Amino acid sequence: MIELDNIRFCYRRKGLPALDGVTATLDPGIYLLAGENGAGKTTLLHIIAGVARPASGTCRIDSLDPASDNPAEKGNIFMLEENMRVPAKTIRKFAEIHSRFYPDFSAERFLANLVTFGLSGDEKLTSLSFGNHKKSLLAYALALGVDVLLLDEPTNGLDIQSKESLRRMIAECTSDHQTVIVATHSFNELDKLFDGAMIMEKSHLLYAATEDDTVGALAFRTRRNPAENALYYETVPGGALCIEPADGDDEPTRVDWRLLYSALHSPRRDALLGYLTKRKALRTDNSMTD
C-alpha cells in the first residue's frame with residue numbers, strides 16, 4: 001500500500017510548489033497518473049521512488065519510508081525515467097549487474113519481453129533508436145518483480161504495434177501484490193489496464209480513486225443527445241460522450257479516463273467535484289447509520 005499524506009515539495013526554497021497537499025492511498029493494482037506538462041507527475045514519482053523527500057507531509061510504502069537507506073526497501077521499488085540511460089553497453093549486461101539488487105527479478109521473463117519487442121538484448125544501447133532503447137529498458141523493468149514499479153511516459157517513442165505489446169506485457173508481468181503507476185498522456189493505448197487513476201493539475205491532485213469507486217459514482221455513456229443531468233459531455237459525430245451520475249439500478253459502465261481527465265480540466269470541474277464530494281459524504285453517513 002502506498003500512502004501519501006499532504007505531500008508538499010518545492011524545487012527552490014521560495015519557489016512555487018511542484019506538489020501541494022497531495023494526499024492519496026493506493027492499494028496494489030495498475031494506476032494511471034495523468035496531468036499536463038509541469039503538473040508534478042514526475043516529481044510525485046520521484047518521491048514515491050525515494051529519490052526525493054517532500055518538504056512536508058509523508059510518503060509511506062507498507063508503512064516504510066521509501067527514502068530510507070535500507071537496501072531491502074530499495075529492492076522493492078523501481079522507477080523507469082522517461083529518458084533513462086544506463087551505464088552498460090547492452091541491456092543484458094546491465095541486467096547482469098543491476099538485477100542483483102532485485103531478488104524477484106526473472107531472467108526468463110526478461111528474455112521473453114525482449115523477444116516480444118523483437119530484440120535480443122545484445123544490441124549496443126548507444127546504437128539503438130530511441131524507441132528500441134525504450135523497449136530494452138521496459139523489457140528489463142517489467143521483469144524485476146518489484147512491489148512498486150513506476151513508469152514515466154513509457155509509450156513515448158513506441159510505434160502502434162509496440163504500444164499494444166507493452167499493454168499486454170504490463171498485464172502479464174503484474175501480479176496481485178504489485179503496484180504499478182503509469183504516468184502518461186497516452187490514454188487510449190493503455191486505458192483498459194487501469195484499476196484506478198490519479199489526475200493532477202498545477203501541483204494539485206484533483207482526483208484519486210479506483211475504477212470500482214469511480215463507476216460507483218459516475219456513469220460514462222454515449223448518447224445521441226446529452227441527458228439533462230449530465231455532469232459533463234463532449235459532442236462527437238452522431239452524438240455525445242457523457243459523464244452522468246451513476247444510477248444504482250443500471251449496469252456499471254467502464255471508466256473513460258480520457259473523458260474524466262477532460263472534465264476535470266474544464267469549466268465543469270467544480271460541479272463534478274462538488275457532486276463527488278456530496279456523494280462520498282452521503283455514502284459515509286449511510287454506512288455509519290448502518
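If you read the sequence from its start, that first residue is 1, and numbering goes on from there. Computed from a predicted structure; not experimentally measured. The analysis underlying the following values was restricted to heavy atoms, covering all of them including side chains, and did not include hydrogens, waters or symmetry mates.
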Verdict with reasoning, Glu211 to Arg254, per side chain to side chain contact (heavy atoms under 4.5 Å, CB included):
CA-CA 8 Å; Glu211 180 171 38; Arg254 188 167 187 88; 3.5 Å; yes
Hey, does the side chain of Lys278 reach the backbone of Leu273 with a donor-acceptor pair shorter than 3.5 angstrom?
no
Tell me every residue that passes salt bridge (charged side-chain N to carboxylate O under 4.0 Å, His left out) with Lys93, counting only those two or more places apart in sequence or in another chain.
Glu96
Do the non-hydrogen side-chain atoms of Asp104 and Tyr102 ever get within less than 4.5 Å of each other?
no
Pairwise side-chain contact, Ser266 with Tyr232, heavy-atom cut-off 4.5 Å (strictly under)
yes
Taking the side chain as everything from C-beta on, heavy atoms only, tell me whether Arg223 gets closer than 4.5 Å to Glu244.
yes
In chain order, what residues pass the salt bridge (charged side-chain N to carboxylate O under 4.0 Å, His left out) check against Glu201, with sequence neighbours excluded?
Arg269
Kindly write out the residues that satisfy ring pair (Phe, Tyr, Trp, His ring centres under 6.0 Å) with Tyr261, not counting sequence neighbours, or none if the list is empty.
Phe187, His265
Which residues pass the side chain to side chain contact (heavy atoms under 4.5 Å, CB included) test with Lys163, sequence neighbours left out?
Thr155, Leu158, Glu189
Applying side-chain contact (heavy atoms from CB on, under 4.5 Å) between Leu33 and each of Leu150, Leu44, Ile199, Thr184, report the one that passes.
Leu44
Quick check: are there more than 12 heavy atoms from other residues, nucleotides or ligands sitting under 6.0 Å from OH of Tyr233?
no
Side chain to side chain contact (heavy atoms under 4.5 Å, CB included) with Pro28: which residues, sequence neighbours excluded?
Thr179
Measuring only between side-chain heavy atoms, which start at C-beta, is Lys89 closer than 4.5 Å to Leu125?
no
Interatomic spacing from CG in Asp195 to CG in Asp213 - rounded to 0.5 Å
11.5 Å
Any non-hydrogen side-chain atom of Cys173 less than 4.5 Å from a side-chain atom of Arg109?
yes
Could you tell me which non-hydrogen atom of Met79 sits nearest to which non-hydrogen atom of Ala49, and how far apart they are?
CB-CB, 4.0 Å
What salt bridge (charged side-chain N to carboxylate O under 4.0 Å, His left out) pairs are there with at least one residue in residues 43-52, not counting sequence neighbours?
none
Residues passing the side chain to side chain contact (heavy atoms under 4.5 Å, CB included) test with Ser175, sequence neighbours excluded, are His177, Gln178
To the nearest 0.5 Å, how far apart are CD1 in Ile91 and CG in Leu138?
9.5 Å
Can Glu123 and Asn132 be counted as having a side-chain donor-acceptor contact under 3.5 angstrom?
no
Run the salt bridge (charged side-chain N to carboxylate O under 4.0 Å, His left out) test against Arg60 and tell me which residues pass, sequence neighbours left out.
none
With sequence neighbours excluded, tell me which residues meet salt bridge (charged side-chain N to carboxylate O under 4.0 Å, His left out) with Glu234.
Arg258
Going by distance alone, is a donor N or O of one side chain under 3.5 Å from an acceptor N or O of the other, for Thr90 and Lys124?
no
Does a side-chain heavy-atom distance below 4.5 Å link Ile7 with Thr23?
no
List the residues meeting ring pair (Phe, Tyr, Trp, His ring centres under 6.0 Å) with Tyr140, not counting sequence neighbours, and say none if there are none.
Phe94, His98, Phe105, Phe110
Drop me the distance from Thr42's OG1 to Glu153's CD, to the nearest 0.5 angstrom.
7.5 Å
Arg167 side-chain N/O to Lys192 backbone N/O, donor-acceptor pair under 3.5 Å
no
Using the rule that two of Ile, Leu, Val, Met, Phe, Trp, Tyr join whenever any of their side-chain heavy atoms come within less than 4.5 Å, decide whether Leu119 and Ile160 are in one cluster.
no
Would you say the side-chain atoms of Asp152 pair up with the backbone N or O of Glu81, donor to acceptor, closer than 3.5 Å?
no
Ignoring hydrogens and angles, tell me if any N or O in the side chain of His133 forms a donor-acceptor pair with the backbone of Gly131 under 3.5 Å.
no
Presence of salt bridge, Asp65 and Arg53, under 4.0 angstrom:
yes
With sequence neighbours left out, write down each residue that passes side chain to side chain contact (heavy atoms under 4.5 Å, CB included) with Asp27, or none if nothing qualifies.
Met1, Tyr31
Mind checking side-chain hydrogen bond (donor to acceptor under 3.5 Å, both in side chains) for Arg8 and listing every partner two or more places apart, or none if nothing turns up?
none
